[in-house]
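Have a look at the structure below, then the notes.
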There are 2 protein chains.
Amino acid sequence: MAIELKPLQALTLLKTVALAEVRDEMPDLTWRQMAILLTVYLEPSPHTVRGLAAKLGVTKPVITRALDTMGAMGLVSRHRDEKDRRNVLIKRTVSGALYVERLGDLVIAKSRELPL
Amino acid sequence: MAIELKPLQALTLLKTVALAEVRDEMPDLTWRQMAILLTVYLEPSPHTVRGLAAKLGVTKPVITRALDTMGAMGLVSRHRDEKDRRNVLIKRTVSGALYVERLGDLVIAKSRELPL
DNA sequence: CTTGAATGATACGGGACCGAAACAATATAA
DNA sequence: TTATATTGTTTCGGTCCCGTATCATTCAAG
């Protein structure tokens, strides 16, 4: 069954996440970092810097720097592609998976209090 | 009827919004600006700088500056409270309402392609 | 082997945002 | 009226992110 979500409900979910972000209830990620994180965790591998830059419509340095930050947070990791050592493959981590799971749980938990 | 939303669906919705944000499919708002916008448009008036600062858990200058930016974008407007001229009341605008509506429509449109 | 293309990282100048502190305007209390 | 409190704004120094341009490494073609 397809989900039935009304605009007001969708916006309330978004507000919930925004408030949680602002109120330090979760690590602060920029929109770009969030887009990268969810792409890496929700779409099939492999993920490269160039591929992510193309998908997000931004330049490569944006991806490199976001990976620096998120790598320091332990949310993703980088590995050289042994088949083509020019490529860098972005991989998931345990911490990152936990973060994404917690993010999903947050939305689910708050969605139970949504206006109809 | 309460909505039934699974974690994967919630995360996909979030990814959709994040990608739209990053790809300039809509005006770029920070998380704080988004939280302010949705609070003003989804919660009952009146809204003051102090009230928003308390709700978001940030300092007042953060609200003032966000209102500067969003005011320039035409998403909200400021008016002195005539009952107590120390207060500034934040009000909705036509442009802001359109933006919020478009945001809701975006999520709804994309949600039809969600994995079950 | 050498040359050119492709990939990711770095350097740099500019812009936006942050929190703390100081400030101006208004309201309330003594 | 004068002093104190409240509200929102501005200033300050600092941090982070952006895009352009450049660089280093690796691959592929001649």
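Note that the coordinates shown come from a computational prediction; the quantities given were computed from them, not determined experimentally.
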Contacts of B/Arg86 that satisfy side chain to side chain contact (heavy atoms under 4.5 Å, CB included) - sequence neighbours left out: B/Asp84

Quick one: does A/Arg78's side chain get under 4.5 Å of A/Thr64's, heavy atoms only? yes

Which nucleotides of nucleotides 17-28 of chain D have their base under 4.0 Å from a protein heavy atom (B), which only their sugar-phosphate (S), and which neither (-), written as one string 5' to 3'? SBBBB----BS-

Hydrophobic cluster (4.5 angstrom, side-chain heavy atoms) - remaining members for A/Leu89: none

For A/Asp81, what residues pass the salt bridge (charged side-chain N to carboxylate O under 4.0 Å, His left out) criterion, not counting sequence neighbours? none

Keeping to residues at least two apart or across chains, list the salt bridge (charged side-chain N to carboxylate O under 4.0 Å, His left out) pairs with something in residues 27-37 of chain B. none

According to salt bridge (charged side-chain N to carboxylate O under 4.0 Å, His left out), does anything in residues 11-23 of chain A pair up with another residue at least two apart or in another chain? List the pairs. A/Lys15-B/Glu43

Which whole-number value in Å describes the distance from A/Asp68 CG to D/dT15 P? 18 Å

side-chain hydrogen bond (donor to acceptor under 3.5 Å, both in side chains) filter on B/Asp105, not counting sequence neighbours, yields none

With a 4.0 angstrom cut-off to heavy atoms of chain B, pull out the first and last contacting nucleotide of DNA chain C, in 5'-to-3' order. C/dC17 to C/dA27

Using a 4.0 Å cut-off on heavy atoms, which residues in residues 36-47 of chain A reach DNA chain C? List them by number, or say none. none

Applying side-chain hydrogen bond (donor to acceptor under 3.5 Å, both in side chains), name anything that partners B/Thr59, two or more places apart in sequence or on another chain. none

In short, ring pair (Phe, Tyr, Trp, His ring centres under 6.0 Å) pairs touching residues 30-80 of chain A with sequence neighbours left out are A/Trp31-B/Trp31

State which residues pass salt bridge (charged side-chain N to carboxylate O under 4.0 Å, His left out) with B/Arg50; sequence neighbours excluded, sorted by chain then number. none

